[in-house]
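Here the structure comes first, spelled out in structure tokens, and everything after it is commentary.
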Amino acid sequence: MRPPKDFFRPLAVGAPEPVREIPFRPSRMIHFFPPSNEKMRSKVPDIAPTVDILLGNLEDGVPATDKEAARAGLIEVGKTVDFGDTQFWTRVNSLDSPWGLDDLTEVVLEIGHTLDVVMIPKVEGPEDIHYVDRLLAQLEAKAGLDRPILVHAILETARGVSNVEAICGASPRMQGLSLGPADLAANRRMKTTRVGGGHPGYLVRQDPPASEDGSPDIHAHRDIFQQDLWHYTIARMVDACVAHGILPFYGPFGDINDVVACEDQFRNAYLLGCVGAWSLHPKQIGVAKKVFSPDPAEVAHATRVIEAMGDGTGAIMLDGKMEDDASVKQCQVVVALAKQLSERDPDLAATYGFGG
Ligand code: GLV
Ligand code: MG
């Protein structure tokens with residue numbers, strides 16, 4: 001165990017100082033693109049200003065025969081595209097694959113100065129983060145980087161979920177976590193074949209009505225209510241992230257055409273505390289933008305509560321509802337997020353009526 005005094009020391013001579021706090025930047029969607037595809041690469045300069053985070057994916061979804069082309073394509077993008085204030089991330093191959101080490105090495109040495117965050121898939125425990133932490137420090141020192149690259153882990157194995165708190169606290173580089181529902185379902189032997197989202201079989205059913213003789217009529221019509229398969233994991237991930245000052249994200253929603261259910265899944269995650277989700281197709285960018293930007297009516301209500309609460313202590317009645325020291329904090333969360341997002345998005349600022 002590293003003693004607390006050493007936690008924020010660079011792990012290699014000449015590596016940049018670790019950050020003490022994870023900066024909050026608009027992160028409503030992590031938009032994935034396949035860097036091996038030349039047509040997709042050519043679209044990056046147009047897509048970048050429309051998203052909060054653009055991620056070049058080197059891992060699953062890229063065939064083994066394209067792994068090196070994807071890495072080379074990512075490096076080309078990093079060298080040629082100006083990302084402005086959009087974050088530029090990559091998802092490297094997993095640490096147990098034949099490509100993970102070369103991905104990290106080449107990408108950091110070639111374009112480390114342009115990369116904000118490296119996403120590490122299939123993280124199982126703090127030991128995986130320690131490995132990446134030291135390696136990144138060595139590479140940053142070699143590349144002469146003046147700021148550290150942050151690390152985002154995907155939570156997609158049962159062991160990873162069991163170790164989630166330790167993963168979040170394993171390094172000052174830890175920026176956040178994403179739920180990886182596809183790999184996690186497989187690893188847990190859950191019996192859904194969908195990439196994220198709900199399942200019609202995961203439900204609760206209304207009690208049976210009484211039949212004429214008073215016994216329960218179990219075959220009568222009874223309403224059913226589909227439940228969220230991911231509720232437990234997302235809630236656990238949010239607690240672990242917030243306890244460590246890092247950011248939780250929902251991951252992929254595979255049914256690209258079902259933007260309605262995608263919106264529901266994203267909203268569940270938003271309401272539970274996630275800051276964003278992955279977008280796998282341009283259709284999902286707008287969905288994430290809508291869901292992860294606070295609702296203008298909610299912002300207006302929260303602003304009214306904050307104003308009415310004065311110094312933020314005590315209790316008042318507003319529109320027949322009790323507001324107090326705790327509820328004003330809930331309102332402050334909503335307004336703070338709206339303000340942070342508005343700084344980058346003038347249209348959103350106008351929707352909220354924030355002048356300036
Ligand atoms: C994402 O990587 C997933 O496995 O769902
Ligand atoms: Mg996965």
Side-chain angles (χ1 to χ4, degrees), residues 16 19 22-23 25 27 29-38 40-45 47-48 51-64 66-123 128-129 131-133 135-140 142-143 145 147-156 171 173-178 180 183 246-247 249 251-252 276-280 285:
V19 290
I22 296 304
R25 297 172 66 187
S27 302
M29 76 296 293
I30 307 172
H31 186 68
F32 274 52
F33 77 95
S36 59
N37 183 319
E38 198 185 337
M40 293 302 207
R41 281 203 304 276
S42 70
K43 291 186 178 171
V44 165
I47 296 180
V51 297
D52 293 338
I53 300 166
L54 198 59
L55 176 147
N57 175 36
L58 306 182
E59 200 225 7
D60 291 355
V62 177
D66 282 0
K67 292 289 187 193
E68 259 134 59
R71 194 188 300 141
L74 181 85
I75 290 170
E76 183 196 303
V77 167
K79 286 189 170 166
T80 54
V81 176
D82 176 4
F83 284 88
D85 55 8
T86 297
Q87 299 180 54
F88 179 40
W89 294 20
T90 184
R91 176 171 80 166
V92 295
N93 285 284
S94 59
L95 303 177
D96 62 356
S97 77
W99 306 287
L101 176 63
D102 288 346
D103 286 346
L104 283 168
T105 308
E106 288 183 31
V107 165
V108 176
L109 292 182
E110 296 279 343
I111 55 165
H113 56 289
T114 68
L115 267 185
D116 294 291
V117 174
V118 174
M119 183 185 271
I120 309 288
K122 303 178 177 73
V123 169
D128 290 337
I129 302 300
Y131 170 82
V132 171
D133 201 7
L135 181 60
L136 284 177
Q138 293 170 333
L139 295 169
E140 286 165 347
K142 190 164 177 192
L145 303 191
R147 56 163 182 86
I149 295 171
L150 302 182
V151 168
H152 181 102
I154 315 181
L155 203 55
E156 50 186 350
S171 159
R173 287 182 200 276
M174 282 302 299
Q175 176 273 351
L177 293 183
S178 283
D183 271 302
I246 72 173
L247 307 173
F249 293 69
W278 299 6
S279 55
L280 303 179
I285 295 175

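Smallest separation of non-hydrogen atoms from Q87 and S27: NE2-OG, 3.4 Å.
Between the R147 side chain and the V19 main chain, no donor and acceptor come within less than 3.5 Å of each other. Using a distance-only test at 3.5 Å, with no hydrogens or angles considered, no donor-acceptor pair links the side chain of N93 to the main chain of W99. Remark: side-chain polar atoms of N37 are paired, donor with acceptor, to backbone N or O of M40 under 3.5 angstrom. A donor-acceptor pair is defined here as one N or O able to donate and one able to accept, closer than 3.5 Å; no such pair exists between the side chain of S36 and the backbone of A69.
No side-chain heavy atom of L155 sits under 4.5 Å from any side-chain heavy atom of S178. The shortest side-chain heavy-atom distance between P148 and L136 does not fall under the 4.5 Å cut-off. Between L95 and V132, some side-chain heavy-atom pair lies under the 4.5 Å cut-off. You'll find the side chain of F33 stays beyond 4.5 Å of the side chain of K43, heavy atoms only. Side-chain contact between D60 and D183: present, with at least one pair of heavy atoms (C-beta onward) separated by less than 4.5 Å. Using a 4.5 Å cut-off on side-chain heavy atoms (C-beta onward), V118 and L104 make contact. Counting only heavy atoms from C-beta outward, the side chains of P34 and N57 never approach each other to under 4.5 Å. Within the 4.5 Å cutoff, the side chain of L54 has heavy atoms near those of the F83 side chain.
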Subject >> Candidate pair I120 and H152, rule side chain to side chain contact (heavy atoms under 4.5 Å, CB included), full reasoning >> reply: CA-CA 6 Å; I120 309 288; H152 181 102; over 6 Å; no

**OP:** Report the C-alpha distance between V107 and L74 in whole Å, list the side-chain angles of each, state the deciding distance to 0.1 Å, and finish with yes or no for side chain to side chain contact (heavy atoms under 4.5 Å, CB included).
**Re:** CA-CA 8 Å; V107 165; L74 181 85; 3.7 Å; yes

**OP:** Dump the intermediate steps for side chain to side chain contact (heavy atoms under 4.5 Å, CB included) on I111 and F88, then the final yes or no.
**Re:** CA-CA 11 Å; I111 55 165; F88 179 40; 4.0 Å; yes

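Note: L177 CG to I154 CD1 = 10.0 Å, rounded to the nearest 0.5 Å. For the atom pair CE (M119) and CH2 (W89), the distance works out to 5.5 Å, reported to the nearest 0.5 Å. How far CG of L55 is from CZ of R91: 7.5 Å, rounded to the nearest 0.5 Å.
Taking L101 as the reference, T105, Y131, L135 meet the side-chain contact (heavy atoms from CB on, under 4.5 Å) condition, with sequence neighbours excluded. Not counting sequence neighbours, the partners of D133 by the salt bridge (charged side-chain N to carboxylate O under 4.0 Å, His left out) test are R2, R173. Legend: residues meeting salt bridge (charged side-chain N to carboxylate O under 4.0 Å, His left out) with R41, ordered by chain and number and at least two apart, are E76. Under the rule for a side chain to side chain donor-acceptor pair (under 3.5 Å), the partners of H31 that lie at least two apart in sequence or sit in another chain are S279. Shown here are the salt bridge (charged side-chain N to carboxylate O under 4.0 Å, His left out) partners of D85, two or more places apart in sequence or in another chain: R344.
Salt bridge status for R25 with D116: present, with a side-chain N to carboxylate O gap under 4.0 Å. In this structure, K122 pairs ionically with E59, as a charged nitrogen and a carboxylate oxygen lie closer than 4.0 Å.
Between F32 and W278, a ring centre-to-centre spacing shorter than 6.0 Å is recorded.
Counting only residues at least two apart or on different chains, the salt bridge (Lys or Arg N to Asp or Glu O under 4.0 Å) pairs with a member in residues 105-115 are R71-E106, K79-E110.
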